[in-house]
There are 2 protein chains.
Amino acid sequence: MQSPPTLAAHDPMLKLENQLCFPFYAVSRQLTKTYQPYLQALGLTYPQYLVLLLLWEHEQLTVKELGDRLLLDSGTLTPLLKRMEQRQLLSRRRDPRDERSVVIGLLPTGRALEAQARDIPGQLLAKAGLDLDELAALRTQLTQLLARLT
Amino acid sequence: MQSPPTLAAHDPMLKLENQLCFPFYAVSRQLTKTYQPYLQALGLTYPQYLVLLLLWEHEQLTVKELGDRLLLDSGTLTPLLKRMEQRQLLSRRRDPRDERSVVIGLLPTGRALEAQARDIPGQLLAKAGLDLDELAALRTQLTQLLARLT
DNA sequence: CAATGTTTGATTGTGCACAATTAATTGGGG
DNA sequence: CCCCAATTAATTGTGCACAATCAAACATTG
């Protein structure tokens with residue numbers, strides 16, 4: 001009687017609203033858009049911001065280490081890092097002890113963005129309407145799911 | 001004493017592991033990779049699969065309606081739909097009653113993929129290690145977050 | 001009906017994202 | 001020492017993703 005307005009029987013598992021992945025896909029893109037105005041003020045894209053988060057903490061990392069932490073491969077990172085190198089945010093050089101590795105180092109211009117980025121996380125949490133407890137709980141679930149998928 | 005191996009004081013809010021967005025970003029990409037072998041068997045990408053999910057349910061939708069439901073704009077959808085049109089999965093034509101609108105219609109080739117896709121959601125849930133209750137709870141949280149962001 | 005503003009897709013340009021391939025380098029094992 | 005498998009980036013090609021712009025069609029108002 002109160003069936004949906006479809007003409008034929010339709011497998012409910014194949015409805016968009018019942019998909020597992022779509023909410024993650026949509027939330028991820030919406031979150032990136034939410035970051036965008038803050039990052040645009042720093043001239044950064046979201047993946048570039050992630051690279052800087054790691055460099056602010058570690059100062060030097062190889063392309064491989066960045067890829068392992070961000071789950072991105074060199075086909076994504078190499079051109080992204082070259083663009084950031086052109087802006088003097090970071091340096092790229094071969095490791096003399098292993099010429100296969102490329103070491104990415106934070107430059108002063110990149111370090112200077114750290115201060116300007118300091119209040120971005122807080123503003124994002126406010127926009128998302130999450131308090132720190134909810135955030136921690138959600139992050140735990142997502143991290144567990146991520147571990148099961150990788 | 002047990003401080004991390006950083007040289008200077010570092011704002012913990014700017015550590016990657018404490019970010020809100022990164023787990024969503026990473027999980028979303030990992031989920032897409034998890035779908036990939038199943039979708040590759042149908043010759044589909046993940047966004048193309050989402051379009052078909054909607055068309056399997058609704059048969060006909062305008063580009064605008066697809067964009068509203070998937071939160072994608074025409075710059076993403078137009079070339080994607082043209083590729084699917086070339087494969088005879090769907091048709092694209094102007095609405096005679098409003099020539100601004102483009103109506104996307106499911107073609108038999110696209111309908112035929114529905115049967116082949118039927119067990120994808122179940123296999124994905126198994127791989128993610130989620131049961132239906134966990135899934136429903138997670139989806140509720142994500143949908144609420146999405147509503148707050150849009 | 002004419003002027004005006006709105007809606008809708010398409011186009012353009014930039015930047016990810018990743019599979020597949022290539023190339024250089026390294027570290028062993030014989 | 002030399003061959004050989006493994007490691008690491010870079011390259012290439014395809015396909016999203018989105019901002020900005022444009023153009024066509026429609027709706028509304030006077």
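Side chain of Asp98(A), nearest nucleotide from dA10(D), dT26(C), dA9(D): dT26(C). Relative to the side chain of Arg100(A), the nucleotides dC16(D), dG9(C), dT25(C) differ in distance, and dT25(C) lies closest. For Val102(A), the listed nucleotide lying nearest its side chain is dA10(D); candidates were dG15(C), dG9(C), dA10(D). The side chain of Val63(A) lies closest to dA9(D), out of dA9(D), dG9(C), dA17(C). Here the side chain of Asp73(A) is nearest to one of dA19(C), dT11(C), dC16(D), namely dA19(C). Of the candidates dA10(D), dA17(C), dC18(D), dA17(C) carries the atom nearest the Leu72(A) side chain, counting heavy atoms from C-beta on. Checked against dC18(D), dA10(C), dC16(C), the side chain of Lys33(A) finds its nearest nucleotide in dC18(D). Proximity note for Glu99(B) (side chain, C-beta onward) versus dA25(D), dA17(D), dG9(C): the nearest is dA25(D).
Scanning atom types as modelled, no donor and acceptor separated by under 3.5 angstrom connect the side chain of Thr78(A) and the base of dA10(D).
Atoms CE (Met84(A)) and P (dG15(C)) sit 12 Å apart, rounded to a whole Å. Leu71(B) places its CG atom 9 Å from the P atom of dC18(D), with the value rounded to the nearest Å. Regarding Tyr46(B), its OH atom lies at a distance of 22 Å from the P atom of dC16(C), rounded to whole Å. In this structure, Leu61(A) atom CG and dA9(D) atom P are separated by 11 Å, rounded to whole Å. A straight line from OH of Tyr35(A) to P of dC16(C) spans 16 Å, rounded to a whole angstrom. Gln36(A) places its CD atom 6 Å from the P atom of dA19(D), with the value rounded to the nearest Å. When rounded to the nearest whole Å, the span between NZ of Lys64(A) and P of dT7(D) equals 9 Å. Rounded to whole Å, the distance from CZ on Arg94(B) to C1' on dA10(C) is 8 Å.
Between Tyr25(A) and Tyr46(B), the two ring planes are perpendicular [angle over 60°; tilted spans 30° to 60°].
Ranked by how close their nearest DNA chain D nucleotide is to the 5' end, Arg83(B) and Pro96(B) are led by Arg83(B). Of the two residues contacting DNA chain C, namely Pro47(A) and Asp95(A), the nearest-nucleotide position lying further toward the 5' end is that of Pro47(A).
Checked for salt-bridge contact, Glu57(B) and Lys15(A) meet the test: a charged N lies under 4.0 Å from a carboxylate O. Salt bridge Glu17(B)/Arg139(A): absent, no basic N to carboxylate O contact under 4.0 Å. A salt bridge does not link Arg94(A) with Glu99(A): every distance from a Lys NZ or Arg NE/NH1/NH2 to an Asp or Glu carboxylate oxygen is 4.0 Å or more.
For the pair Lys82(B) and dC16(D), the criterion of a side-chain N or O lying under 4.0 Å from OP1 or OP2 is not met. For the OP1/OP2 pair of dT8(C) and a distance below 4.0 Å, the side-chain nitrogens and oxygens of Ser101(B) include no atom meeting the criterion. Distances shown here put every side-chain N or O of Arg97(B) at or beyond 4.0 Å from the OP1 or OP2 atom of dC26(D). Here Thr62(A) reaches the OP1 or OP2 of dA9(D): one of its side-chain N or O atoms lies under 4.0 Å away. Between Thr76(B) and the phosphate of dC16(D), there is no side-chain N or O to OP1/OP2 separation shorter than 4.0 Å. For Gln48(A) and dC16(C), the shortest distance from a side-chain N or O to OP1 or OP2 is below 4.0 Å.
If you check every strand for non-hydrogen atoms under 4.0 Å, Thr45(A) touches sugar and phosphate atoms only.
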Output, in order, the C-alpha distance, side-chain angles, deciding distance and verdict of side chain to side chain contact (heavy atoms under 4.5 Å, CB included) for Tyr49(A) and Ile120(A).
-> CA-CA 11 Å; Tyr49(A) 172 65; Ile120(A) 291 180; 4.0 Å; yes

Salt bridge (charged side-chain N to carboxylate O under 4.0 Å, His left out) between Glu85(B) and Lys82(B), intermediate numbers included = CA-CA 5 Å; Glu85(B) 182 188 30; Lys82(B) 284 183 175 174; over 6 Å; no

